[in-house]
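I have placed the structure first, in the form of structure tokens, so that the comments after it can refer back to it.
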Protein chains: 4
Amino acid sequence: MANGSPARKNIILKEAAKLFRENGYPSSNLRELARRAGIQGGSIYHHFSSKQEILFQLMDNTMSDMIRRLKIILEPLDCPTERLRRTIRFHIGYHIAGPDETYITDDELRNLEGDNYRQIISKRDRYQQLFEDIIATGQAEQNWQISDIKLFARAIIQMCAGVARWYRPDGKFTIDQIAEQYFTLLTTGLMSR
Amino acid sequence: MANGSPARKNIILKEAAKLFRENGYPSSNLRELARRAGIQGGSIYHHFSSKQEILFQLMDNTMSDMIRRLKIILEPLDCPTERLRRTIRFHIGYHIAGPDETYITDDELRNLEGDNYRQIISKRDRYQQLFEDIIATGQAEQNWQISDIKLFARAIIQMCAGVARWYRPDGKFTIDQIAEQYFTLLTTGLMSR
Amino acid sequence: MANGSPARKNIILKEAAKLFRENGYPSSNLRELARRAGIQGGSIYHHFSSKQEILFQLMDNTMSDMIRRLKIILEPLDCPTERLRRTIRFHIGYHIAGPDETYITDDELRNLEGDNYRQIISKRDRYQQLFEDIIATGQAEQNWQISDIKLFARAIIQMCAGVARWYRPDGKFTIDQIAEQYFTLLTTGLMSR
Amino acid sequence: MANGSPARKNIILKEAAKLFRENGYPSSNLRELARRAGIQGGSIYHHFSSKQEILFQLMDNTMSDMIRRLKIILEPLDCPTERLRRTIRFHIGYHIAGPDETYITDDELRNLEGDNYRQIISKRDRYQQLFEDIIATGQAEQNWQISDIKLFARAIIQMCAGVARWYRPDGKFTIDQIAEQYFTLLTTGLMSR
DNA sequence: AATGAATGAGAATTCATTCAT
DNA sequence: CATGAATGAATTCTCATTCAT
């Protein structure tokens with residue numbers, strides 16, 4: 001039960017990300033999701049055991065993918081400044097590339113139940129840990145001015161994720177330009193010269 | 001347990017803020033809200049014409065209050081650095097001191113309909129404008145390094161509002177300490193000395 | 001209880017007739033009725049003990065008035081033809097003069113409960129009896145072609161009452177003209193010469 | 001007690017006609033309708049999008065059927081007298097043979113909303129036109145005494161439809177007998193000889 | 001895998017009625 | 001007489017989920 005062809009399943013996940021972003025998870029309805037995925041309401045249950053399961057897989061896939069990709073990017077890099085720059089670039093870029101999925105992953109935590117909640121929180125912490133590690137190294141090796149590592153990691157993640165809420169492809173800046181500005185703000189501050 | 005009118009209305013608003021924060025607006029139900037306000041489900045409609053109306057008044061009151069309060073704080077201040085520091089302090093503090101209302105104001109925009117949406121967006125823009133003005137002055141008078149004022153205003157608001165998502169009264173830092181660290185991060189950056 | 005000043009009471013009855021005609025009795029709501037009568041919802045209960053009571057008094061007043069007036073009209077008349085003519089004239093005229101009240105009286109019987117229903121039915125029968133008596137006399141004295149008195153009485157009443165559903169004061173015919181045409185139709189038929 | 005689709009839909013319509021006639025449309029409730037149709041309340045919405053939709057389909061089906069049937073009856077007939085006789089016979093018969101549906105079609109017009117209202121009114125006018133055509137021909141070819149065709153058509157329809165309000169299958173007359181008496185009343189009048 | 005009718009447990013909302021003031 | 005907040009039961013409608021076909 002609850003396992004269909006991967007193609008159809010991915011279509012459903014993709015459409016679910018869009019739909020959940022439009023309406024929020026609780027206000028999204030499975031018949032509409034099915035319609036967008038080109039099937040009937042009942043057929044969703046051949047691919048997922050419940051609405052909750054769809055939300056969970058969406059968020060779980062996204063978190064796993066983010067961790068995996070960021071690790072690959074960071075692997076060859078040593079300098080904490082460079083590591084931070086690339087991390088910020090990745091975080092912003094990923095939020096722009098998959099705005100539906102990241103929006104849901106950032107915003108629908110509240111709607112995860114029990115174990116699903118714990119699993120995603122755990123992956124989110126693992127992702128944040130990557131930021132914290134960089135900051136700690138910067139602090140140790142390059143004397144970055146950090147009073148509290150966790151606090152700064154959270155602040156950075158939160159701020160950069162916000163980009164997905166207003167970014168438009170036809171806007172004033174490219175992703176790289178936005179990332180660079182955020183990086184500069186975070187590293188040298190408003191008042192440095 | 002019976003009561004006059006404006007008092008009861010305010011109780012409902014207060015409880016609605018809590019309830020909406022706990023469950024989100026769409027998942028909150030009016031019978032539960034009524035129970036918490038000490039009345040029966042139907043009685044809510046003596047004070048509000050609909051569930052949507054409750055959300056709107058909540059957000060509208062909050063946005064108006066934020067604008068009003070921030071203006072009062074800024075009035076006697078001239079130095080843009082000091083203005084920014086106090087603005088950040090206010091923004092974070094307000095998101096924590098009235099955490100339910102502000103959380104909702106940030107997160108339930110999507111659930112406002114038509115004209116309600118437009119009205120709140122307009123107030124939110126007016127609030128953001130206060131940030132932009134400060135940044136513009138800092139740029140002009142104190143040579144702050146800002147490539148795009150709107151972008152930075154958004155980034156700051158986003159980052160500070162995020163505090164409400166993890167702040168716990170029994171946590172490591174006071175509101176003032178958190179605000180100071182955010183201010184430092186934004187003004188001098190991670191790497192300044 | 002349930003007995004206020006006659007003036008206000010009559011205003012309520014008048015407005016109720018209009019409102020019930022617009023929406024039908026079940027879909028009419030007492031707050032709206034109160035509003036139109038210039039008072040608050042709860043105040044209606046100083047004049048009537050229930051919504052049902054309003055409907056009942058409306059119909060009861062109307063039926064009583066119709067019987068009383070028709071009797072007065074018929075009293076001095078002997079000739080059954082003339083009696084029928086004047087009866088039709090009265091029936092149509094009354095339905096046009098008080099279209100709201102008569103509409104309700106004709107159409108809301110279904111919504112009367114128990115004893116109220118029986119009382120109104122009884123008055124309606126008494127009113128119909130006036131028609132039947134005329135027809136019976138016409139049959140006896142003037143050889144009217146009637147196979148079934150009750151059936152014809154019903155048919156006449158029904159047909160004439162229908163006028164109130166389409167009559168407009170600015171229409172093609174006066175009340176008297178309409179009444180005369182109905183009278184002619186009923187007395188001489190379509191094909192007489 | 002499970003069932004395919006068009007059958008169930010027709011059961012619902014049939015039961016709705018009965019229920020609406022018993023209580024009127026506004027006082028009828030869908031749970032009761034569902035119960036009578038052998039399903040749960042919510043299941044009605046598989047077949048109809050709303051309560052209003054049920055009323056509309058009921059009236060629309062009925063009006064279409066009436067027009068269609070009356071046309072078939074009239075087709076082979078030439079003589080306007082005969083056409084009128086058969087039309088009256090049909091109109092009364094249909095109001096009795098399908099008493100629930102026709103009663104509703106006469107009485108629940110007020111409860112149709114917007115476009116539904118306009119559509120049914122338009123069909124009702126088309127039906128009435130069939131009466132008017134007959135009367136016009138009678139007037140032209142057989143010198144019927146008609147001062148206003150529309151007025152007489154309305155009067156006839158109103159009168160005949162009224163039969164459904166008092167007819168009882170165990171009553172004194174058959175449908176044919178009632179129809180014949182109405183026809184006689186209308187054609188030769190009370191006083192003709 | 002897919003369908004689509006059916007379920008059944010809510011949800012928001014309405015409203016006649018009550019009653020303390 | 002009038003108010004208006006409160007009641008509480010009823011109503012339409014929604015929707016995740018099930019399941020026979």
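Just so it is clear: chains get the letters A, B, ... in the order the sequence lines come, proteins before strands, and each one is counted from 1.
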Pick base, sugar-phosphate or nothing for B/Ser28, based on heavy-atom distances below 4.0 Å to the nucleic acid.
-> sugar-phosphate
Tell me the interatomic distance from [X], atom [atom1], to [N], atom [atom2], rounded to whole angstroms.
X       : N      : atom1 : atom2 : result
B/Ile12 : F/dA5  : CD1   : P     : 11 Å
B/Phe48 : E/dT14 : CZ    : P     : 15 Å
C/His47 : F/dA2  : NE2   : C1'   : 8 Å
A/Phe20 : F/dC15 : CZ    : P     : 13 Å
A/Glu53 : F/dA16 : CD    : P     : 15 Å
B/Gln40 : F/dG4  : CD    : P     : 22 Å
D/Ile44 : F/dT14 : CD1   : P     : 13 Å
D/Leu55 : F/dC13 : CG    : P     : 12 Å

Taking B/Asn61 for its side chain and B/Gln57 for its backbone only, find out whether a donor-acceptor pair lies under 3.5 Å.
-> yes
Residues that [X] engages under salt bridge (charged side-chain N to carboxylate O under 4.0 Å, His left out), provided they are two or more places apart:
X        : result
A/Asp106 : none
B/Asp65  : B/Arg68, B/Arg69
B/Asp115 : B/Arg118

Is there a side-chain contact between C/Gln119 and C/Phe56 (heavy atoms, below 4.5 Å)?
-> yes
Atom of B/His47, atom of B/Ile12 and distance for their closest heavy-atom approach = CD2-CD1, 3.7 Å
For C/Leu58 and C/Thr62 the tightest heavy-atom approach is O-OG1, 2.7 Å
Under 3.5 Å, which N/O atoms of the protein pair with N/O atoms of nucleotides 17-21 of chain F?
| unit_1 | atom_1 | unit_2 | atom_2 | d |
| --- | --- | --- | --- | --- |
| F/dT17 | OP2 | A/Tyr45 | OH | 2.7 |
| F/dT17 | OP2 | A/Lys51 | N | 2.9 |
| F/dT17 | O5' | A/Tyr45 | OH | 3.2 |

Dot-bracket for DNA chain F, 5' to 3', with Watson-Crick and G-U pairs under 3.5 Å, [ ] for crossing pairs and | for other-strand pairs: what is it?
-> .||||||||||||||||||||
Select from B/Asn29 and C/Asn29 the residue whose nearest nucleotide in DNA chain E is closer to the 5' end of that strand.
->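 This one resolves to B/Asn29.
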List the steps, then state whether side chain to side chain donor-acceptor pair (under 3.5 Å) holds for B/Asn111 with B/Glu108.
-> CA-CA 5 Å; B/Asn111 293 307; B/Glu108 302 288 5; 2.6 Å; yes
Tell me the salt bridge (charged side-chain N to carboxylate O under 4.0 Å, His left out) pairs involving residues 35-47 of chain D, sequence neighbours left out?
-> D/Glu22-D/Arg36, D/Glu32-D/Arg35, D/Glu32-D/Arg36
